[in-house]
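Remember, it's a predicted structure, so these values are computed and weren't measured experimentally.
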Amino acid sequence: MPDADRPPAAAELVQRVCDWFPGAARDLPWRRPGTGAWPVMVSEFMLQQTPVARVLEPWRQWVERWPEPSALAADPVSEAIRAWGRLGYPRRAVRLHAAAVAITEHHGGVVPTDHDELLALPGVGGYTAAAVLSFAHRQRHVVLDTNVRRVLARTLDGRAHPDRSPTVAERRQAAALLPDDPARAAAWAASSMELGALVCTARSPACPRCPVADLCRWRALGHPAWDGPPRRGQTWQGTDRQCRGRLLAVLRDAVGTVPSAELLAAWPDRTQASRALAGLVADGLAVEDDHGVGLPGGGTGEAP
DNA sequence: AAATCGTGGCA
DNA sequence: TTGCCAAGATT
């Protein structure tokens, strides 16, 4: 078997990436020593499909206002939705609020340190549960986000991109790389993510700056182009998603309730707007009564 | 299990 | 300019 076809030594890969981290990592506020599990959890919710640069300010305001789960749980969901601002995917705000309520009511106000308990919370999937425990408690978990998946796809598999969603084989591969020592496993999680975010990026990888360039199978093969199924494009113009965003922006900026007709007028296609509104209501992002539409649990615009 | 769900920046 | 992409979760 030619060298280029042989996987690099796992230990060497982990070692080099972990050594690279201290001198290259960004100084992100949720990485500061002593950051609690709750602020870390808030950052992970916000970072789901959202770039770091756009999360920084909302995160700062969020954790200052709600320094612990019980504080958020004590406020209506409408406040969480407003504080979410324009981060996108506002259902995350609803789920984070619901998670805060669950933590307050069922976990004594403390973010669970058990993987399965964390996983049971609204909006917490495999990645987020592992990330919170790894970053906040230095527990040993496979943290498999889009960055890590890309790093492994390239270095080990010689492919430009990972598949759409993590496969069993992929998880197994990642688990095999995980150091036995929890602190070291946590360091690998943070380091491999950072490498994917700063160097081994999706569009313009900076191989000359990569600490494992000489171990990378993708590079050894000459950076073969992606030959898998076409990457799903996210259409936008005229979609229900765009419509939902428009309607929610109106509700977010409104003081109380907005008359239904006025809200629907914010979108050219009335039929589509009605469908989008129904979706917002179903997702707990809006409530409609005789007076109009508003954010849920807002306590405003109620009948006397 | 494929589809859905926001928003903005950048190559 | 526009398509692609970003620390995913849910149904």
Any salt bridge linking D227(A) with R159(A)? Criterion: basic side-chain nitrogen under 4.0 Å from a carboxylate oxygen. no
With heavy atoms under 4.0 Å as the rule, sort A202(A) into base, sugar-phosphate or nothing. sugar-phosphate
Residue whose closest nucleotide on DNA chain C lies nearer the 5' end, L121(A) versus V52(A): V52(A)
Pairwise P distance for dA3(B) and dA7(C), with rounding to whole Å: 23 Å
Provide the distance between the two C1' atoms, one in dA1(B) and one in dT11(C), to the nearest whole Å. 10 Å
Nearest-Å distance for atom pair [atom1]/[atom2], residues [X] and [N]:
X	N	atom1	atom2	answer
E44(A)	dA9(C)	CD	P	9 Å
W236(A)	dA6(C)	CH2	P	18 Å
R150(A)	dC5(C)	CZ	P	9 Å
L56(A)	dG9(B)	CG	C1'	15 Å

Distance-only donor-acceptor test, S165(A) side-chain atoms vs dG8(C) base atoms, 3.5 Å: no
Mark yes or no for a side-chain to base donor-acceptor pair under 3.5 Å between R231(A) and dC4(C), with no hydrogen or angle criteria applied. no
Ranking P51(A) and R91(A) by the position along DNA chain B of their nearest nucleotide, the one closer to 5' is R91(A)
Closest to side chain of R203(A), choosing from dG8(B), dG8(C), dC5(C): dC5(C)
Regarding the side chain of S204(A), the nearest nucleotide among dA7(C), dA6(C), dA11(B) is dA11(B)
For R241(A) and dT7(B), is the shortest distance between a side-chain N/O and OP1 or OP2 below 4.0 Å? no
Just to confirm, is there a sub-4.0 Å distance from OP1 or OP2 of dG9(B) to any side-chain nitrogen or oxygen of R54(A)? no
